[in-house]
Participant: 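Could you have a look at this structure, given as structure tokens, before my questions?
Below, chain A is the first sequence line, B the second, and so on; all start at residue 1.
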Number of protein chains: 2
Amino acid sequence: MPRAGLNPQVVVRAAAQLADEVGYDRLTLAELANRLGVALPSLYKHVKGADALMQKLSTLATAELAAETTTAAAGRSGADALRVVAHAYRSYAHRHPGRYVAAQRAPDPSDPEHVAVAERAVGVAYAVLAGYGISGTAAVDAARMFRAALHGFVSLEAMGGFGLPRDVDRSFDQLIAALDMAYRAWPSTSAQAGELTAGP
Amino acid sequence: MPRAGLNPQVVVRAAAQLADEVGYDRLTLAELANRLGVALPSLYKHVKGADALMQKLSTLATAELAAETTTAAAGRSGADALRVVAHAYRSYAHRHPGRYVAAQRAPDPSDPEHVAVAERAVGVAYAVLAGYGISGTAAVDAARMFRAALHGFVSLEAMGGFGLPRDVDRSFDQLIAALDMAYRAWPSTSAQAGELTAGP
DNA sequence: ACCACAAAGCTATTAGTCATAGCTAGAAAG
DNA sequence: CTTTCTAGCTATGACTAATAGCTTTGTGGT
């Protein structure tokens with residue numbers, strides 16, 4: 001029996017492809033081994049187990065997402081950067097639904113590479129906000145809103161949470177416009193922001 | 001051996017409790033049967049299977065979420081309603097993490113009850129937006145942004161996506177303030193909104 | 001009071017998943 | 001040509017969902 005010539009990278013990339021095809025929750029070691037032409041236990045020569053594979057997959061997907069959004073933002077700032085980053089983010093989720101779900105996995109503090117790519121991905125948001133002059137404590141709140149809006153929209157869309165599929169592109173543009181307006185008027189410190197909503 | 005006195009409602013409520021305790025993804029029929037003091041196959045006398053149970057759990061959770069946000073909004077409007085609905089939403093997710101994940105399941109069109117509660121849950125968002133004078137096509141975009149922002153924030157928070165836990169409450173208040181501002185200035189038709197972001 | 005029957009529980013079994021132990025054979029280094 | 005490392009394998013075990021078929025319980029009709 002000839003060897004398949006596997007290595008950890010090949011296995012993870014095949015897992016990414018499989019996740020995109022059948023869905024992240026249907027990604028299984030048995031099917032992955034089948035696609036790679038080996039028996040299931042052979043995979044354990046390259047990855048520690050199913051959970052470790054998911055973690056590596058998450059790292060891969062987060063790195064790709066960070067790279068694409070970073071590329072999109074290159075040479076742009078302000079509303080322009082906001083718009084292209086948001087569209088690149090959603091585009092990635094559309095093209096790689098399985099990877100996108102994997103990217104949502106919380107970074108394991110004991111995995112420095114995973115932590116590093118997660119910080120790179122979040123860094124794109126901070127770069128966009130810098131174009132609006134938002135920094136420091138205020139940027140933490142603003143970045144959280146940015147991530148929440150994008151992730152919430154994309155994940156609701158992916159799970160079929162929006163009834164009418166026709167207007168989704170327009171709704172997304174509208175979301176971007178609202179974020180743009182919010183960031184133009186963003187309070188410079190979050191302490192001030194707290195005052196605005198502190199009702200009785 | 002005395003009977004356990006189970007029925008579909010008891011099983012689903014126990015599943016909800018178990019999901020909140022151990023996490024939605026660790027909810028298993030074996031453990032559920034164990035908690036209820038019966039053997040695993042006995043559950044099949046009350047629910048059709050694991051998937052049907054998850055669906056009923058989703059219906060239960062969505063109904064509870066709709067009820068709590070509706071109650072919170074009672075007698076309020078505008079920024080006041082926005083604020084209490086958002087806080088009720090996040091509070092539910094904190095108190096019932098397993099149920100909250102279950103509530104994200106896409107409603108099955110062949111399950112009228114599930115569809116009905118899902119519409120009730122979304123209806124709360126439309127009621128809030130009506131307080132800002134937003135209706136018709138524009139309300140679809142606005143409601144999607146509302147849901148995306150809330151769900152995105154809560155799910156990122158739940159998965160540990162926010163590095164610094166201290167400021168999360170303040171970030172959420174800031175998110176609410178930004179939504180309030182966006183809705184105050186919301187364009188009356190989404191066609192106009194599209195123009196604002198249609199860059200070259 | 002009793003019998004019949006529907007429902008609720010059980011044991012036993014099958015299929016699919018992740019995982020580990022231990023063997024075998026291919027490839028490369030000396 | 002031999003030695004050694006390792007990528008692959010078979011075999012096995014634990015856990016999960018699911019189904020079949022039997023037994024018991026509780027209840028309703030006579």
Side-chain angles (χ1 to χ4, degrees), chain A residues 1-60 98-99 101-102 105-106 108 110-111 114, chain B residues 1-60 98-99 101-102 105-106 108 110-111 114:
Chain A
M1 45 208 72
R3 297 201 172 182
L6 300 185
N7 60 52
Q9 193 186 11
V10 168
V11 172
V12 172
R13 301 200 82 87
Q17 180 124 7
L18 181 56
D20 284 340
E21 289 178 19
V22 306
Y24 181 77
D25 50 339
R26 293 185 193 277
L27 170 61
T28 181
L29 293 186
E31 178 60 20
L32 179 58
N34 191 33
R35 298 271 186 118
L36 291 169
V38 298
L40 189 150
S42 305
L43 295 178
Y44 286 83
K45 297 292 181 181
H46 307 287
V47 293
K48 293 202 196 309
D51 197 68
L53 175 66
M54 305 304 183
Q55 181 129 333
K56 282 174 173 285
L57 179 55
S58 177
T59 303
L60 170 71
R99 287 161 153 99
V101 174
R105 185 188 176 104
D108 179 2
S110 69
D111 182 348
H114 198 180
Chain B
M1 44 207 74
R3 296 202 175 182
L6 301 186
N7 59 53
Q9 191 186 11
V10 168
V11 172
V12 172
R13 301 201 83 87
Q17 180 125 8
L18 180 56
D20 284 339
E21 289 179 19
V22 304
Y24 180 78
D25 51 339
R26 294 185 191 276
L27 171 60
T28 180
L29 293 185
E31 178 61 21
L32 178 59
N34 191 34
R35 299 271 186 117
L36 291 168
V38 298
L40 188 150
S42 305
L43 295 178
Y44 287 83
K45 298 291 181 184
H46 306 287
V47 293
K48 292 202 197 308
D51 197 69
L53 175 65
M54 306 304 184
Q55 180 127 336
K56 282 174 173 287
L57 178 55
S58 176
T59 303
L60 170 71
R99 287 163 154 98
V101 174
R105 186 189 176 104
D108 179 0
S110 69
D111 182 347
H114 198 179

Participant: Taking CG from L40(A) and P from dT10(D), how many angstroms apart are they, rounded to a whole number?
Facilitator: 12 Å
Participant: Among dG9(C), dT10(D), dA17(D), which nucleotide sits nearest the side chain of A39(A)?
Facilitator: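 The nucleotide sitting nearest to the side chain is dT10(D).
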Participant: Rounded to the Å, how far apart are D25(B) CG and dT16(D) P?
Facilitator: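 Rounded to whole Å, this separation is 13 Å.
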Participant: Mind listing the closest non-hydrogen atom pair of A16(B) and L60(B) along with its distance?
Facilitator: CB-CD2, 3.7 Å
Participant: Starting from P on dG9(C), measure out to CG on L32(B) and report it in whole angstrom.
Facilitator: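 Result: 12 Å.
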Participant: Considering non-hydrogen atoms only, spot the tightest contact between L27(B) and A15(B) and give its length.
Facilitator: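 Residues L27(B) and A15(B), closest heavy atoms: CD1-O, 3.9 Å.
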Participant: Is E21(A) close to E31(A) at the side-chain level, that is, under 4.5 Å between some pair of heavy atoms?
Facilitator: no
Participant: In this structure, how many angstroms lie between the P atom of dA7(C) and the NZ atom of K45(B), rounded?
Facilitator: 10 Å
Participant: When you look at CZ of R26(B), are more than 12 heavy atoms from neighbouring residues, nucleotides or ligands closer to it than 6.0 Å?
Facilitator: no
Participant: With respect to the phosphate group of dA17(D), does any side-chain polar atom (N or O) of T28(B) fall under 4.0 Å of OP1 or OP2?
Facilitator: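 Answer is yes, contact under 4.0 Å.
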Participant: If I take atom CG in residue L43(A) and atom C1' in nucleotide dT20(C), what distance separates them, rounded to the nearest angstrom?
Facilitator: 14 Å
Participant: Over how many whole Å does the gap from Y44(A) atom OH to dC18(C) atom P extend?
Facilitator: 7 Å
Participant: Would you say S42(B) places a side-chain N or O within less than 4.0 Å of OP1 or OP2 belonging to dA8(C)?
Facilitator: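 Checking dA8(C) against S42(B), no side-chain N or O comes under 4.0 Å of OP1 or OP2.
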Participant: Provide, to the nearest angstrom, the distance between the CE atom belonging to M54(A) and the C1' atom belonging to dA19(C).
Facilitator: 14 Å
Participant: Between dC18(C), dT16(D), dA18(D), spot the one nearest the side chain of A30(B), thanks.
Facilitator: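 Of the candidates, dT16(D) comes closest.
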Participant: What is the distance, rounded to the nearest whole Å, between atom CG of L27(A) and atom P of dT17(C)?
Facilitator: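 The answer, rounded to whole Å, is 11 Å.
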Participant: Of all the choices, dA17(D), dC9(D), dG9(C), which nucleotide is nearest to the side chain of V38(B) once you look at every atom?
Facilitator: dG9(C)
Participant: Give a yes/no answer on whether the side chain of H46(B) brings an N or O atom under 4.0 Å of OP1 or OP2 in dA7(C).
Facilitator: no
Participant: Do you know which of L6(B), V10(B), L53(B), V38(B) makes side chain to side chain contact (heavy atoms under 4.5 Å, CB included) with H46(B)?
Facilitator: L6(B)
